[in-house]
Every structure is written in C-alpha cells, then in structure tokens.
Amino acid sequence: MIDQFKKTIVCLLADKTYLTEDEIDKCIEIPPDPKMGDYAFPCFSLSKTLKNSPNKIASELADRLKPTSPVSEIKAIGPYLNFFLDKTTFSEVVLKKISNEGNLYGSDTIGEGKTVVIDYSSPNIAKHLAVHHLRSALIGNALYNIYRNLGYKCVGINHLGDWGTQFGQLIVAYKKWGEKNLEDYTITDLNKLYVRFHQEAEKDIYLEDEAREWFKKLERGDTEAIELWKRFKDISLLEFQRVYKMLGIHFDAVVGESFYNTMVEDTVSRIREKGLACISDQALIIDLERYNMPPCLLRKKDDTTLYATRDIAAAEYRKSAYNFDKMIYVVGSEQKLHFKQVFKVLELMEYDWAGQCVHVDFGLMKFKDGKMSTRKGVVILLEDLLIEAVERIKKIIEEKNPSLKDKELVARDVGIGAVVFADLSTKRNKDVIFDWDTVLNFEGETGPYVQYTHARLCSILRKYGKDVMADIDYTLLNEDDTINLVKNLWQYPFVLLKSAQYYEPSLMSNYLIDVCANVNKFYNSHRVLSENDDLTKARILLVDAARQIIKNGLRILGMHAPAEM
RNA sequence: GCGCCCGUAGCUCAGCAGGAUAGAGCAACGGUUUCCUAAACCGUAGGUCAGACGUUCGAAUCGUCUCGGGCGCACCA
C-alpha cells in the first residue's frame with residue numbers, strides 16, 4: 001500500500017524541483033512535533049545543487065507551491081518545508097478506509113503468488129520446551145502472520161532436532177540407567193537421562209564413543225535403536241503439542257531432521273560431483289577458506305552425518321517441495337556462522353535460489369547469573385511460566401473485575417498474551433535476560449495494557465449498542481489528540497510492511513504501545529458517549545477504528561483480543 | 001588470536017537507510033474516579049547517547065580505534 005497523502009506531496013514537489021519522485025519520497029519525513037506539520041521536506045540536499053541556503057530554498061518553495069487538497073498549507077520552518085493536511089479530509093479518508101476494510105485493513109497484495117517457507121521453533125526432542133525456546137517460536141509465528149497478511153503463501157515448518165549423536169547419548173543413558181519401562185517415560189525422565197549422561201561423561205571418556213556407536217546404528221536403521229528413538233520422539237511430541245496449543249503456535253509441517261536421513265546420501269553425492277568436497281583428518285569436508293570461513297563438515301570420521309549436511313539436504317528438499325521465493329530460518333544468533341556456511345555451500349552448488357535463504361537471528365536468553373543450559377538442567381520450563389502467568393492474571397481479575405464472564409478463558413488470553421508480548425517487544429538481535437518480574441509485569445508497556453485498551457474500546461461500543469456509521473461530520477474530529485490518534489492509525493499498513501522488510505515483529509508491538517498510549521490519552525480527555533448525537537457518532541467511529549487496529553495488530557503477534565477483561 | 005553482535009535515565013528498552021528541543025515504561029515522589037473498565041491518565045525528578053578521533057552544513061545514528069559485555073571459530077545441534 002502506498003501512502004496517498006505522502007504521494008500527493010511528492011508529486012507537488014516533483015513538479016517544482018529537479019528531483020525525481022523516488023528521490024523526494026526518500027527524503028520526506030514526519031516532523032517531531034505535529035504542530036510543525038504532517039509531513040516535512042528537508043532542503044539541505046537541494047542547497048548544494050542550487051547553491052543557496054536551505055532556509056531560503058524552503059521559503060522560496062513555500063511561495064511557489066500551491067496547496068491543493070488534501071494539503072491545506074505549505075510552510076517553511078527553518079530549512080524545512082512543512083506540509084499540513086486538511087484534518088477533515090484526512091480523517092475521512094483514514095476512518096472510511098479502516099471501516100471498509102475491517103479485519104483486512106493493512107493487508108497487502110505484494111506477496112501474491114509468492115511462497116515463503118519459515119523454519120521456526122525447531123526444538124530438540126527429549127528435552128522440555130523451556131523459556132529460551134520462546135523466541136524462535138514467537139518470532140517465527142509472528143513473521144508467518146505478517147507475511148500471510150502481505151499476500152504471501154506461508155509454509156511454517158517445525159524442523160525438530162530429532163537426529164544426531166545426542167540420541168546415541170540418550171540410548172546409552174537409557175540402557176545403562178533407565179529404570180522404568182519405556183512406556184511410562186515422560187520428557188522429564190528423558191531429560192534426567194540426558195543430564196546424567198553428561199555428568200557421567202565427564203568421568204568416563206568412553207561414554208561419548210559408545211554414544212557415537214549407537215548413533216551410527218541409528219543412522220543405519222538398527223531395529224533396537226530405531227525403536228527407542230521413535231519412542232523418545234513420541235513422548236516429546238505429545239508434550240510439545242500441548243505447549244504450542246497454549247501459545248497458539250501453528251505449523252504446516254512438523255518434519256524433523258531424521259526425515260532427511262534418506263536424502264543425505266544424494267546430497268553428498270551432488271556435492272562431490274561438483275568437486276566441492278575433500279577428505280581432511282578422515283572427515284569429509286567442504287573447504288571454505290577462500291571465503292574466510294572454517295570448513296563445513298559433511299561427514300565425521302565414523303561416517304555419520306552432521307547437522308550441516310542435513311540442513312543442506314533439507315534446503316534442497318524444501319525448494320523442490322514448495323518452490324519457495326524466500327526461506328527464513330528463525331534460529332539464534334549463535335548459529336550465524338553455521339548458516340553462513342550452509343548458504344555458501346548452496347551457492348557453490350550453483351543453486352540460483354541460494355540467495356533466497358535468510359537467517360533471521362536473535363539474541364540469547366540468559367539468566368542473571370549465566371546462560372540457560374539443558375545440559376546442566378538449568379532451565380525454566382515454558383509450560384510453568386505460562387501457567388504462572390495465567391494464575392497471576394486470575395488473581396488480578398478476581399480483584400478488579402470479579403463479575404467477568406469466561407474468567408478462565410480471559411485469564412489464558414491475557415496471561416499468555418503477556419508472555420508473548422514481552423518476548424516480542426524487544427528487537428530480536430538483543431540478548432535478553434530472563435526476569436520473572438519483567439515478563440509477569442502487567443502494567444505499562446505490556447501485553448495486558450494493549451488488551452486492556454482494546455477491552456475498554458469494546459466496552460464503549462457495547463454501551464453504544466448501535467451500528468457504527470462512517471457518514472459522520474468529520475469536522476468534529478478536530479482536537480489535536482484526536483487527529484494524532486487518526487494519524488497513528490494510518491501508519492498501521494506501513495508498520496506491517498516494515499516488520500516484514502526487517503523481519504522484526506517488535507516494530508509491530510512497539511507500534512501498538514504507541515497506538516494504545518494515544519487511545520488512552522484520548523479516552524481520558526474526551527467523553528465518547530454524550531448527549532451530542534453527532535459528536536457521539538463521530539467519536540464512536542474513531543473508537544471502532546482504533547479497536548480494529550489493535551485487534552489486527554494483536555492477531556499479527558499471535559495474541560487474542562478479549563472484548564472484556 | 002580472528003570474526004559477528006551489543007553498550008542511550010537507577011532498571012528494561014524505543015529512536016539508528018545522518019536531520020528540527022534524545023523519548024517511553026518500571027522503580028521514586030505528587031495529583032486525577034458522583035463520569036464510557038484507575039490493568040488507565042496527568043505532573044515532578046532523572047542523560048558527557050561507553051570513550052576518543054574522523055566524515056558532514058548537521059552524528060545517538062556513518063567510519064576508524066579503545067574499553068566493557070555476549071556469542072561463534074572441525075567431527076554437538
């Protein structure tokens with residue numbers, strides 16, 4: 001979607017300057033203070049070519065440009081040429097558009113006919129989903145929603161870590177210390193085995209060799225190994241599913257690394273045929289020294305494959321299965337080098353789609369006193385966190401709104417929403433320190449704040465009880481804070497586009513905070529339902545539009561927007 | 001050692017394809033409820049944008065270096 005107001009200004013300027021529309025478009029800014037205007041054109045760059053001071057150029061342009069609707073005034077303020085929109089026309093265009101498009105407002109068609117594959121969550125099996133698994137799942141899920149709203153066909157893939165030496169480790173641990181019948185095992189039991197393996201392996205150096213031996217058996221299809229592995233996987237999936245459901249995370253395909261086991265052979269052959277591979281220290285590698293990278297390992301000296309090998313095979317498979325236009329890997333930044341290597345190998349294999357692969361990385365989640373580690377068993381389980389959040393919300397509901405219906409449901413929406421929003425509200429490349437108080441804070445810039453604002457707006461509309469009409473007297477929406485809110489709502493589609501462009505859901509969560517701050521300011525200083533019918537109608541339309549934007553935005557982030565809370 | 005990321009208020013963060021006086025929230029203090037949900041709103045206080053140099057009409061934003069923190073660098077994923 002293009003900003004039609006900005007477009008008008010660009011056209012006006014293109015007519016009176018030497019600059020192209022594109023060049024002007026890039027320069028146009030929004031002034032820091034709305035009193036200065038709605039859009040601004042800085043004249044610094046023109047001052048060089050015109051050999052005149054920017055202030056003078058601005059005032060000369062102000063004289064030469066005639067404001068035409070929707071522009072009501074063009075004024076030079078210092079070196080800036082500032083444009084004022086006619087408030088009435090502006091509000092009418094914006095509010096009518098939102099009213100007409102409703103749930104679809106902000107959607108775009110730029111992605112029509114294109115497919116984007118998104119790989120997210122992708123936890124290792126036999127371990128609990130813990131808080132540090134949140135980021136990949138939530139960022140990936142949000143990107144899925146963002147791209148889908150822009151018209152792309154999305155394929156969400158949960159690339160389970162269900163293959164690798166660690167399953168050799170688990171088999172060894174189970175055979176040595178497994179007490180119960182495997183039927184009765186839970187993920188907690190598996191986790192204990194895993195932790196125990198690493199404890200014992202520090203004392204017994206042969207344990208790792210034994211584990212590698214079992215993984216080799218697994219890769220060759222040994223019945224006992226497969227049997228155990230399958231059970232481990234079933235136990236894990238059952239628990240994962242429960243947490244994904246709570247979080248509202250959706251996948252189109254849950255396909256683990258093991259799935260590519262049969263394809264790895266062919267992948268390796270193709271790489272060898274291209275003459276890319278060589279043997280080094282008995283391992284099969286691709287030397288990447290020319291590209292300033294350490295080698296990419298395809299096969300260990302015991303002949304088993306590594307995750308890089310499987311990632312290459314998976315990429316090939318996904319290209320043939322989905323013919324994507326873009327493939328996004330939502331994986332922590334500690335794997336940056338890995339993906340750089342994998343993408344380079346795809347390029348060396350002469351796949352023209354290698355450039356369509358993107359690693360959307362994100363910072364580590366740590367505790368105050370260090371990194372979370374499943375190996376040491378130092379984690380907070382995701383499910384525990386979610387349950388705790390819901391419990392705390394329940395208490396607050398009892399306190400503030402005891403007569404609320406569907407308390408359980410609302411508590412879930414708000415409690416889980418708080419966790420989701422907290423995670424999505426910092427830029428993804430920053431490391432985050434997990435802190436219960438921060439995640440479970442429900443005041444200020446939080447998920448509950450956004451949901452609460454939405455609920456208040458719904459409440460007004462409920463009390464109003466009539467249909468919302470778009471044919472209102474737009475001159476009534478002329479106060480500063482009202483117009484600011486309308487301007488803010490107008491930005492939604494551009495925020496959505498930018499979130500996609502930068503793979504950055506936090507742009508959306510920060511935008512929603514901004515909208516809600518404006519809504520609450522408006523709410524506190526203007527009475528919506530009043531004796532004045534025309535004014536009521538006008539404000540109701542604005543309330544409904546704001547409600548719609550918040551709802552659309554929350555949906556993008558993967559959150560619910562309860563009508564009451 | 002080499003490479004990548006981060007460093008903005010006491011804390012958590014926004015602002016970073018250079019632009020007009022560096023913004024929020026939390027915590028602190030003070031105020032707002034006969035009125036649409038006070039999970040809200042308003043106000044006070046809080047800053048050498050890690051530091052230095054450079055590019056520029058202009059730098060929190062770009063470049064170089066230093067310091068501090070994180071991550072990665074061949075048989076784990």
Side-chain angles (χ1 to χ4, degrees), chain A residues 26-27 29 31-33 36 40 42 44-45 47-48 53-54 77-80 82 122 124 161 163-166 169 208 211-212 257 280-285 292-302 304-308 310-311 331-338 340 361 363-364 366 371 375 393 396-397 399-401 404 414 418 422 425-427 429-433 435 437-438 441-453 455-464 506-507 510 513-514 516-517 519-530 536 539-540 543 564-565:
Chain A
K26 276 183 204 151
C27 294
E29 333 176 339
D33 185 338
M36 297 164 147
F44 305 99
S45 54
S47 82
K48 263 184 205 149
S53 80
I77 302 178
Y80 290 87
N82 290 14
S122 308
N124 291 331
W163 209 245
T165 317
Q166 50 174 329
Q169 296 170 350
E208 295 277 8
R212 273 191 279 272
E257 287 184 72
S280 166
D281 289 339
Q282 298 173 65
L284 185 67
I285 67 157
N292 281 318
M293 281 184 255
C296 176
L297 266 84
L298 296 174
R299 248 192 235 292
K300 298 183 275 189
K301 61 183 165 201
D302 67 3
T304 56
T305 60
L306 286 107
Y307 73 128
R310 297 189 287 272
D311 268 358
V331 181
S333 54
E334 69 274 16
Q335 293 196 37
K336 257 183 152 167
L337 179 59
H338 164 71
K340 227 175 127 188
D361 63 320
L364 229 63
K366 295 174 296 182
K371 193 178 166 177
R375 289 197 182 180
I393 293 290
I396 294 174
I397 290 175
E399 213 176 278
K400 309 206 182 225
N401 197 356
L404 180 68
V414 178
S425 46
T426 43
K427 273 174 71 163
N429 69 342
K430 288 212 178 192
D431 287 349
V432 290
I433 291 170
D435 176 30
D437 293 336
T438 307
N441 173 34
F442 308 132
E443 281 166 21
E445 298 171 337
T446 65
Y449 173 77
V450 177
Q451 288 169 319
Y452 175 70
T453 307
R456 283 172 121 189
L457 297 178
C458 288
S459 173
I460 296 177
L461 290 163
R462 226 176 11 251
K463 291 225 159 77
Y464 180 65
S506 70
L507 292 173
N510 287 327
I513 290 292
D514 204 28
C516 290
V519 166
N520 285 312
K521 202 169 283 185
F522 168 83
Y523 182 99
N524 259 274
S525 44
H526 304 288
R527 179 87 203 155
V528 176
L529 304 174
S530 71
T536 301
R539 286 182 175 162
I540 277 290
V543 162
E564 280 179 77
M565 64 184 268

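Per chain, numbering begins at 1; letters A, B, ... match sequence-line order. Since this is a predicted model, take the numbers as computed values, not measurements.
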*Asks:* Categorize A/Gly164 for me: base, sugar-phosphate, or nothing, with a 4.0 angstrom heavy-atom threshold over every strand shown.
*Replies:*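 Since only primed, P, OP1 and OP2 atoms lie under 4.0 Å of A/Gly164, the category is sugar-phosphate.
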
*Asks:* So A/Leu306, base contact, sugar-phosphate only, or nothing? Heavy-atom distance under 4.0 Å.
*Replies:* sugar-phosphate

*Asks:* Which comes earlier along RNA chain B counting from the 5' end, the contact point of A/Thr438 or that of A/Gly78, where each point is its nearest nucleotide?
*Replies:*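 On the 5' side of the pair lies A/Thr438.
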
*Asks:* What nucleic acid atoms does A/Pro31 come within less than 4.0 Å of, heavy atoms only: base, sugar-phosphate, or nothing?
*Replies:* base

*Asks:* Provide the distance between the two C1' atoms, one in B/A27 and one in B/A60, to the nearest whole Å.
*Replies:* 25 Å

*Asks:* What's A/Ser530 touching, base or sugar-phosphate or nothing? Going by heavy atoms closer than 4.0 Å.
*Replies:*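 No contact at all - A/Ser530 keeps every heavy atom at 4.0 Å or more from the nucleic acid.
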
*Asks:* Using a 4.0 Å heavy-atom cut-off, does A/Lys301 contact any base of the nucleic acid, only the sugar-phosphate backbone, or nothing at all?
*Replies:*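 The answer is base, as A/Lys301 lies within the cut-off (heavy atoms under 4.0 Å) of a base atom.
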
*Asks:* Of the nucleotides B/C71, B/U37, B/A14, which has the atom closest to the A/Thr426 side chain?
*Replies:* B/A14

*Asks:* Sticking with atom P, work out how far B/G1 lies from B/G10, rounded to a whole angstrom.
*Replies:* 32 Å

*Asks:* With sugar-phosphate meaning primed atoms plus P, OP1 and OP2, does A/Pro42 contact a base, only sugar-phosphate, or nothing at under 4.0 Å between heavy atoms?
*Replies:*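 Contact class for A/Pro42: none.
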
*Asks:* Just compare B/C4, B/A20, B/U21 and give me whichever is closest to any side-chain atom of A/Asn82.
*Replies:* B/A20

*Asks:* Across all strands shown, which nucleotide pairs with B/G23 by Watson-Crick or G-U wobble geometry, both distances under 3.5 Å?
*Replies:*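 Checking every strand shown, B/G23 finds its partner in B/C13, with both distances under 3.5 Å.
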
*Asks:* Heavy atoms under 4.0 Å, any strand shown: does A/Ile397 hit a base, just sugar-phosphate, or nothing?
*Replies:*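 Here A/Ile397 touches the bases of the nucleic acid.
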
*Asks:* Take atom C1' in B/A9 and the same atom in B/G23, then report the distance between them in whole Å.
*Replies:* 11 Å

*Asks:* Quick one: does A/Ser280 reach the base of B/A74 with a side-chain donor-acceptor pair under 3.5 Å?
*Replies:* yes

*Asks:* Considering only B/A74, B/A14, B/U37, which nucleotide approaches the side chain of A/Lys427 most closely?
*Replies:* B/A14

*Asks:* Please determine, for B/G7, whether a Watson-Crick or G-U wobble partner exists with both distances under 3.5 Å, and give it or none.
*Replies:*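 B/C67 is the nucleotide pairing with B/G7.
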
